[in-house]
S.K.: 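Shown below is the structure under consideration.
We use all heavy atoms of the structure for the numbers below, so side chains are in, but hydrogens, waters and symmetry mates are not.
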Amino acid sequence: MINEKEWNQEQERLDVVTEKLKERIAEIEPEVAELQNQAVNIRKQFWEEVTVNTSTDEDFEETYYSIKQQEALLSERERSYQLRKQQSKSMKRLLHVPYFGRIDFHEDGMRSTEQVYIGVSSFVDSDGMSFLIYDWRTPIASMYYDYSPGAATYDTPAGRVGGTMELKRQYQISESKLRNVFDTTVTIGDQLLQQVLGKSPDSQMKSIVATIQKEQNAIIRNDKSRMLIVQGVAGSGKTSAALQRVAYLLYKYREWLKANQIVLFSPNPMFNSYVSTVLPELGEENMQQTTFQEYLEHELGTVLSLEDPFDQLEYVLTEQSTREYETRLKGIEYKASTIFLQAIRNYVELLSQRGMRFKSIRFRDRDLITVKQMETQFYSYEPTIRLANRVGLLQEWLLKELTILERKERDMHWVQEEINYLDKEHYADVYNDLHKERGVFDFAEQYEEIQEMLNKKNRRDESDFDYAEQEEEQLRRMVVKEYFKPLRKQVKKMLFIDMVGLYVQLFDKERAYWTMTNEAMAPEFWNDICEQTKEKLSQLELFYEDATPYLYLKELVEGVRTNTDVRHVFVDEGQDYSMFQYEYLKKLFPRARMTVLGDFGQAIFTHATELYGIESPLIQLYGASETDLIRLARSYRSTREIVDFTKSMLPSGKEIVPFERSGKKPNLSKVDSRAQLAMCLAEEIATLQTEGFTSIAVITKTAAESMDAYDLLTEHGCPSVRLITKQTPTFEQGTLIIPAYLAKGVEFDAVLIYDASSRTYHRESERKLFYTACTRAMHRLLLFATDDWTPFIQTLDASLYDVKSST
C-alpha cells in the first residue's frame, strides 16, 4: 500500500479526471442530440429538397448531382453523429472507473518521466495533446503487462522505444473513489488478481484488461502469425485473452477491420451468450459468433439430416453394450484422420478419370437429359482441366441444353392444355409484351379482344391469324419457361451431381476403396464401417463424423465457396475439431488469419486434434514459418487445492501451475442410495447458497444422467434447480444441472459431481471428461458416489481431498 500523502495525491488526480469527464460529457451530449436530429431531418426531407427532372440530358445531370450532394450531406451528418455518440459512450464507461493502472516511464534521451494512466479507452485533455488516460491497447500501455520496474521497451510504427519503467501501480476504483492502490514489481499484482478471482462468476464473462498477465498479453498483441495456436490448461484465461485480442485488433486496425470481419466458432450456442458482453464492455461491437454445427446445418441441412457432436458424444458415452459400438468408434477415429483426408483428395483425382455420379434431369416423368449424356459430356472435356472446373463447364452445357429443350417443349400437347387454364393476369403479361411499342398498357379492356383473336385462330379466320399466332406463341413461351425455372435452379445449385452417391461410392469393399483412393489403407472393421455409413445415408442421414468429410468432398467436386471478407477466424475448444474441419475453414476463409484455443487435457471427443508441439498437425496447415505456439500453464480459475486435485488426474498434470489462492480441499461423499444422494445434494446446495455462492452446477456425465439428476432433486424438494440441455440458448446464474461437455469453457462458484463412481467413469477414454467436469469449480468441488470411486480418484494421493461421512 502507498502512504497517506500519495493516496491523497492519487485521489485528487482522480477527482480532477472525473470532473473533466463530466464536463466533456455535458458538452458532447447536446452535440449528439443535435447531429441525430439533423440526420433524421435530412433523411425525411431528402426528396423534398430534390426535384427529379429527366426531360433533357442537362436536367438529368442536374438531378443526379443534386441527389449526390444531398446523399453526401446525410452521410457526413451520420458519420459525425456516430463518432460523437461513440465518444460519449467511451467517456461514460470511464466515468465510474477511469483507469486501473499506471506506469511511470522515462524514455531514453528524454529529460522528464511520463506518467501513463491506463484504462479501457483513451481520454485527452481539452488541449487535445495531453493524455489523461491511455487506452490499454496503445503501444505504450503494453509495458504495463510485459515488464516490471526497470528497463522496458515498446514497439511503435516508427520503431522500438526504450527506457526505464520507474513505477508500476494498480488501482481499484469504484464510483470515482479510490478503494485500493498497489505498487507491484513482477506481474500484475497478486493482491488485485486475488480479489478479482475471489468474486463469484457472473452469468456472462467479463473483461480482464485490468489483470492481463504477460503470457496472455503475448496472445492479445500477436498480429503477425497466420496461425496462432494457444494450448492453455483449464482456467488459464485463454478464451478471455482471445476476446481481448479481438478488441485489440479492432482498435489497432480500426481503419480497415470491422467486427463483422471476425468470426468466432464457439463450442455451443449457450457459450455465445456467455461471452457476448465482453466486447461491448470494451466499447467494441461483437464479432460474428456461430458453431461449426450451425454452419454444417446451413450447408447440408436442406438435403440431409445431420447428427450433432453432442449426440455423437452421447452415443460414445452410453452405447458401449451394443454390437456395432466398436465399429462406430473405429469409424469416428478414421473419418477424422489425416489419412482419410488424403484418401478423399486421391478419390477426387480418380473422379477426373472415371466414377463421377450424376442424376438425370427429369421433367413430366421422363428424362430430358440422361445420366449417360452427362457422363459422356463430362469426360469429353480436356482431362488436364481441374475437376471442379469441368463440373462448371458441364453446368454451362446443361443450361444451354435446357434452353434448346425448352424451345422444343413449346410444341407439346400439354402446353395447350395449360394455356386453356391460364388466368387474366397471365394473359395481361402477354398482351402488354406484344403491345408495348403501341403504348397500350390497360389490359382490363383488352381481355375479351385476346380471347376473340384466339377463337378466330381456331376457326382459321385468316384476317387475324398472324396476330393470334403471336399471342399463342408468347403464351406457350411463358408457360414452358415457368415450368423450366425449377430445372434451371437445380442445375445452378449443382443438384445434377449425385453427391450422396459419390460419398457412398467411397465405402465399397476394401479392394475397391484401395483402388479409388490410390492405395490408402482401410482401417480395422472397414466392411462394417461401410455398412454403417451406407445404412445411415440410405435414410438421408449423416453421422457427425461424416459431415465434414462429405462437405469437403462436395467442395472439391463443385468448387470451394470462399468468404474473402472475413480476416480473422477464432476457434475455441480447438482440440475438439478434426483436421477436416481445419482444412475446410482454411479453404472457406482464404484471406483470414486463424487463432485456435484449446486444451488437449480436455479433449473429450474421439476425433481430438493435438494442438501443441511438433506432433500437432495444425502446424502444417499454414507452415511452421507462419505459425506461433503459445502455452499457458498457470490456472487462475480454481483454488490451489482444486488445481492440485484435478491436475493429478492427468499424466501431463505436473506441468500445470496453480495460482496462489487457497480454499477448501475437494470433498468426497459416498452414499448408500439414491434417496440419500438426493438428500446430500439438496443439503449441500442449500449450504452453498447460504454461504453466498450464486453460481452452482451439478455436473453429470451425460444428458440422460442430467435428466435423472433433475428428476431426483425436484422430487426431493429442490425446485430451484434448472436443467441445461444442448437447446438452452443462454447461460444464467443459479443452480444448474448440466452435462460435462456443455459446461466446457464455463465456470461456477461450486461444482457438485453427481456420480463420481467407477460405474459411471471407468474407461480411460473418460478420464478427460471427468477432469473437465471437476475443473469448472472456482471455490468448491464436491463429489458424490453410490458405488466405488472412479479409478481416476482411487489412484490419487489421499491428502489431496477430504472424505465426508455419509451418516
S.K.: Could you check whether E655 pairs with R631 (Lys NZ or Arg NE/NH1/NH2 to Asp/Glu carboxylate O, under 4.0 Å)?
M.R.: yes

S.K.: Do the side chain of D749 and the main chain of T694 share a donor and acceptor less than 3.5 angstrom apart?
M.R.: yes

S.K.: Less than 4.0 Å between a side-chain N and a carboxylate O, is that true for E747 and R776?
M.R.: no

S.K.: Would R328 and T322 count as a side chain to side chain donor-acceptor pair (under 3.5 Å) here? Give the steps.
M.R.: CA-CA 10 Å; R328 177 83 192 273; T322 60; over 6 Å; no

S.K.: When the ring planes of H779 and F693 are compared, do they come out parallel, tilted or perpendicular, using 30° and 60° as the limits?
M.R.: parallel

S.K.: Is it the case that the side chains of D599 and Q231 hold a donor-acceptor pair, with the cut-off being a distance below 3.5 Å and no angle test?
M.R.: yes

S.K.: Side chains of E545 and Q312 only: does a donor on one sit below 3.5 Å from an acceptor on the other?
M.R.: yes

S.K.: Do N268 and Y741 pair up side chain to side chain, a donor and an acceptor below 3.5 Å, judged on atom types alone?
M.R.: no

S.K.: Please check this pair: side chain of Y295 against backbone of F265, looking for a donor-acceptor N/O pair closer than 3.5 Å.
M.R.: no

S.K.: Can you tell which of I229, L585, L228, L618 makes a side-chain contact (heavy atoms from CB on, under 4.5 Å) with M594?
M.R.: L585

S.K.: Is it true that E555 and R561 make a salt bridge, defined as a side-chain N closer than 4.0 Å to a carboxylate O?
M.R.: yes

S.K.: Ignoring hydrogens and geometry, is there a side-chain-to-backbone donor-acceptor pair from T790 to Y761 under 3.5 Å?
M.R.: yes

S.K.: Is the backbone N or O of G601 less than 3.5 Å from a side-chain atom of K768, with the two atoms forming a donor-acceptor pair by type?
M.R.: no

S.K.: Using the salt bridge (charged side-chain N to carboxylate O under 4.0 Å, His left out) criterion, which residues pair with E684? Sequence neighbours excluded.
M.R.: K804

S.K.: Would you indicate whether the side-chain heavy atoms of L752 and I685 approach each other to under 4.5 Å?
M.R.: yes

S.K.: Angle between ring planes, W526 versus F507, binned at 30° and 60°: parallel, tilted or perpendicular?
M.R.: parallel

S.K.: Spell out, as yes or no, whether a donor-acceptor pair under 3.5 Å connects the side chain of E307 to the backbone of L542.
M.R.: no

S.K.: Between R245 and T595, is there a side-chain donor-acceptor contact under 3.5 Å, judged purely by atom types and distance?
M.R.: yes

S.K.: Check this for me: M707, atom CE, are more than 12 non-hydrogen atoms of other residues, nucleotides or ligands nearer than 6.0 Å?
M.R.: no

S.K.: Counting distance only, does the side-chain N/O of Q602 pair as donor-acceptor with the main-chain N or O of G598 below 3.5 Å?
M.R.: no

S.K.: Over 60° means perpendicular and under 30° means parallel, so tell me whether Y577 and Y582 are parallel, tilted or perpendicular.
M.R.: tilted

S.K.: Between the side chains of Q689 and E691, is a donor N or O closer than 3.5 angstrom to an acceptor N or O?
M.R.: no

S.K.: Does Q794 use its side chain to pair, donor to acceptor, with the backbone of W789 at less than 3.5 Å?
M.R.: yes

S.K.: If the threshold is 4.0 Å, N to carboxylate O, is there a salt bridge linking D788 and R759?
M.R.: no

S.K.: Is any NZ, NE, NH1 or NH2 atom of the basic residue among K664 and E641 found under 4.0 Å from an Asp or Glu carboxylate oxygen of the other?
M.R.: no

S.K.: Could you tell me whether E766 and R763 have a side-chain N and a carboxylate O separated by less than 4.0 Å?
M.R.: yes

S.K.: Side-chain donor-acceptor pair under 3.5 Å between T700 and S706, yes or no?
M.R.: yes

S.K.: Could you go step by step and tell me if F580 and Y552 meet the ring pair (Phe, Tyr, Trp, His ring centres under 6.0 Å) rule?
M.R.: CA-CA 7 Å; F580 266 108; Y552 188 74; 5.6 Å; yes

S.K.: Check whether any side-chain N or O of Q581 sits under 3.5 Å from a backbone N or O of S578 as a donor-acceptor pair, and report yes or no.
M.R.: yes

S.K.: Strictly distance-based, threshold 3.5 Å: is any side-chain N or O of Q289 a donor or acceptor partner for the main-chain N or O of N272?
M.R.: yes

S.K.: Begin with the C-alpha distance, continue with both residues' side-chain angles, and end with the deciding distance and a verdict on side chain to side chain donor-acceptor pair (under 3.5 Å) for K335 and T533.
M.R.: CA-CA 11 Å; K335 290 170 183 176; T533 306; 2.7 Å; yes

S.K.: Would you call E326 and R323 a salt bridge, taking side-chain N to carboxylate O under 4.0 Å as the test?
M.R.: no

S.K.: State whether a side-chain donor-acceptor pair under 3.5 Å links S757 with D787.
M.R.: no

S.K.: Fit a plane to each ring of F645 and Y801, take the angle between them on a 0 to 90° scale, and name the class: parallel (under 30°), tilted (30 to 60°) or perpendicular (over 60°).
M.R.: perpendicular

S.K.: Are any side-chain N or O atoms of T338 and backbone N or O atoms of L341, one a donor and one an acceptor, separated by less than 3.5 Å?
M.R.: no

